[in-house]
Protein chains: 2
Amino acid sequence: MNADPQIKKGRKYGQVIAGAREVFLREGFEGASVDAIARDAGVSKATLYSYFPDKESLFHAVLNGVCNLQRTEGLGVALNATDVPSALRHIARAMITNQCSESNLALFRVCVGETQRFPELGRQFYETGPAEGLRQLAGYFRSPAAQEALDIVDPDAAADIFVRLCRTNLMIQRVLGVIDEPDEETVAAEAEAAVEIFLARFARRD
Amino acid sequence: MNADPQIKKGRKYGQVIAGAREVFLREGFEGASVDAIARDAGVSKATLYSYFPDKESLFHAVLNGVCNLQRTEGLGVALNATDVPSALRHIARAMITNQCSESNLALFRVCVGETQRFPELGRQFYETGPAEGLRQLAGYFRSPAAQEALDIVDPDAAADIFVRLCRTNLMIQRVLGVIDEPDEETVAAEAEAAVEIFLARFARRD
DNA sequence: GACAGGATAAACCGTTCGGTTCAGCCCGAT
DNA sequence: ATCGGGCTGAACCGAACGGTTTATCCTGTC
């Protein structure tokens, strides 16, 4: 019964990463003290420093993981939707909900606040987040179903517009801590507005 | 010749604020050391602490000033524009340029990064920035010229859509440090796309 | 030229930081 | 029973932090 797959080397590796993620995403790089991380991880400082040579390496390891974890799903629901407008509504709702989620916002805040100190961080967040979302959306606009229902000649440009329309005021307010996480109806209304404007320009006239 | 209007009390007040603004906007609250601020301001730490009781008070004074300084102009050019589409183009360009400017981005980054620690900060930035922009835009949509050219029944909702369309990918990339300040042609192209989509829905059909 | 008050450099305070060290504990493998 | 490596808690280091103090300097005023 030694089938533990986490037997990398040292049993507390996961705890360290989890605790560091918690504290870093809450306090930022400068604001997070190594003592606080070790305390939150339930691990001694000595153990922590046996895994990572310094605070910066730990920070990079944590944010690397979190960035690669952010998935722009919503494409799955789009495929088995009955019609294209419904699919667009689902995608818009997923994007807006995702933007307003506390987990994503915490990551975004840290990346933005630390972009000056760690330039690669901003780039990585952009690539694994917004850029990936744009690519997936453009891919959907190239699908036969979308091409049939929509008058899109440049899928990349259309995806850019759609994403703009999903960058709602809710997101800005959430980023700045002005409001709490919005409920489903609020998100649905914002998504509906986005889809309406999008279709006013890109719906195929028959 | 004692007509100096800056004779508030102490001659170095302006220097302190200027230096603190410089360092705070570059390094954030935790990252900025009081010694660095005093050095950058060309002032001794004792002088600095004769004006402000502590680092936090100085931070609030500085960001209060910078937040209130951010003006959403663009309304002036809109009034003396020949036609409404041109006015919209001007507004869109001004908004996008403003979002991508280093001065505004530095403020935004600090407000976002420090929103958890100082909740009032995010709210103040939102009110003096995005919210004010929305109000001004909605006001323009209520003007006779705009009402005549555009099919807008809810000026607030229309302003919200217009602002969304101006929240371009350029801004996201700028916030995350992925690209440098864009040139005028790039901004103009993004503004043009925004206005086109907006008019596709709100242009009055005759 | 005496005075007053803003400004100065530099030393200093206590605290906290990132990072290291070490003696000992726990526990599975042999 | 013993061994060894992961882990512990706590002490410790030098440096930097925010903040204070002091003795001195500078400058405009009367």
Side-chain angles (χ1 to χ4, degrees), chain A residues 1-63 110 113-114 116-118 121, chain B residues 1-63 110 113-114 116-118 121:
Chain A
M1 54 192 65
N2 200 351
D4 192 355
Q6 288 293 72
I7 196 168
K8 293 192 64 159
K9 193 180 191 182
R11 333 177 288 251
K12 308 291 186 81
Y13 185 88
Q15 289 185 37
V16 173
I17 291 286
R21 178 170 52 225
E22 177 88 11
V23 180
F24 274 138
L25 289 185
R26 191 195 328 128
E27 312 274 0
F29 180 77
E30 297 274 355
S33 80
V34 178
D35 292 79
I37 292 173
R39 200 182 317 123
D40 197 291
V43 142
S44 76
K45 259 211 296 185
T47 301
L48 189 155
Y49 274 103
S50 78
Y51 287 121
F52 299 95
D54 51 30
K55 186 187 179 186
E56 200 166 317
S57 300
L58 175 57
F59 183 71
H60 281 127
V62 165
L63 274 102
V110 172
E114 239 66 60
Q116 308 266 44
R117 215 180 318 267
F118 307 111
L121 183 59
Chain B
M1 53 191 63
N2 201 350
D4 192 354
Q6 287 291 74
I7 197 169
K8 294 191 65 159
K9 194 179 190 182
R11 333 177 288 251
K12 308 291 185 81
Y13 185 87
Q15 289 185 36
V16 174
I17 292 286
R21 178 170 53 224
E22 177 88 12
V23 179
F24 274 139
L25 289 185
R26 192 192 331 128
E27 313 273 0
F29 180 77
E30 298 273 356
S33 80
V34 179
D35 293 79
I37 292 173
R39 200 182 317 124
D40 196 290
V43 143
S44 76
K45 259 212 295 185
T47 301
L48 189 154
Y49 274 104
S50 79
Y51 287 120
F52 299 95
D54 53 29
K55 186 187 180 186
E56 200 166 316
S57 301
L58 176 57
F59 183 71
H60 280 126
V62 164
L63 273 102
V110 172
E114 239 66 61
Q116 308 266 44
R117 214 179 318 266
F118 307 112
L121 184 59

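Side-chain atoms are counted along with the backbone in the values below, which use heavy atoms only and exclude waters and symmetry mates. Chain letters run A, B, ... following the sequence lines, proteins first and then strands; every chain starts at 1.
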For Gly31(A), which contact category applies under a 4.0 Å heavy-atom criterion: base, sugar-phosphate, or nothing?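 Nothing, no nucleic acid heavy atom in range.
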Touch class at under 4.0 angstrom, heavy-atom based, for Ala32(B) against every strand present: sugar-phosphate
Integer-rounded Å distance: [N] [atom2] and [X] [atom1]:
| X | N | atom1 | atom2 | value |
| --- | --- | --- | --- | --- |
| Arg39(A) | dA10(D) | CZ | C1' | 14 Å |
| Leu48(A) | dC7(D) | CG | C1' | 13 Å |
| Glu56(B) | dG18(D) | CD | P | 12 Å |
| Phe52(B) | dA7(C) | CZ | P | 12 Å |
| Gln15(B) | dG6(C) | CD | C1' | 13 Å |
| Asp35(B) | dA11(C) | CG | P | 13 Å |
| Tyr49(A) | dG9(D) | OH | P | 17 Å |
| Asp54(A) | dT20(C) | CG | P | 8 Å |

To the side chain of [X], which of [options] is closest?
| X | options | result |
| --- | --- | --- |
| Val43(B) | dG19(C), dT8(C), dT8(D) | dT8(C) |
| Lys12(A) | dT20(D), dT20(C), dC7(D) | dC7(D) |
| Ser33(A) | dG18(D), dT20(C), dC17(C) | dC17(C) |
| Ala46(A) | dC22(C), dG19(D), dT8(C) | dC22(C) |

Using a cut-off of less than 4.0 Å, is there contact between a side-chain N or O of [X] and OP1 or OP2 of [N]?
| X | N | answer |
| --- | --- | --- |
| Lys55(A) | dG18(C) | yes |
| Tyr51(A) | dC7(D) | yes |
| Lys45(A) | dC7(D) | no |
| Thr47(A) | dT8(D) | yes |

State yes or no: are the ring centers of Phe52(B) and Phe59(B) separated by less than 6.0 Å?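 Ring-ring flag for Phe52(B)/Phe59(B): false, centres at least 6.0 Å apart.
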Do you see a donor-acceptor pair shorter than 3.5 Å between the side chains of Thr47(A) and Ser44(A)? yes
Can Asp40(A) and Arg26(A) be counted as an ion pair, charged N to O under 4.0 angstrom? yes
Taking all atoms of both residues into account, what is the closest heavy-atom pair of Ala20(A) and Val62(A), and its distance? CB-CG2, 3.6 Å
For the pair Tyr13(A) and Tyr51(A), name the ring-plane relationship: parallel under 30°, tilted 30 to 60°, perpendicular over 60°.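 It falls in the perpendicular class, over 60°.
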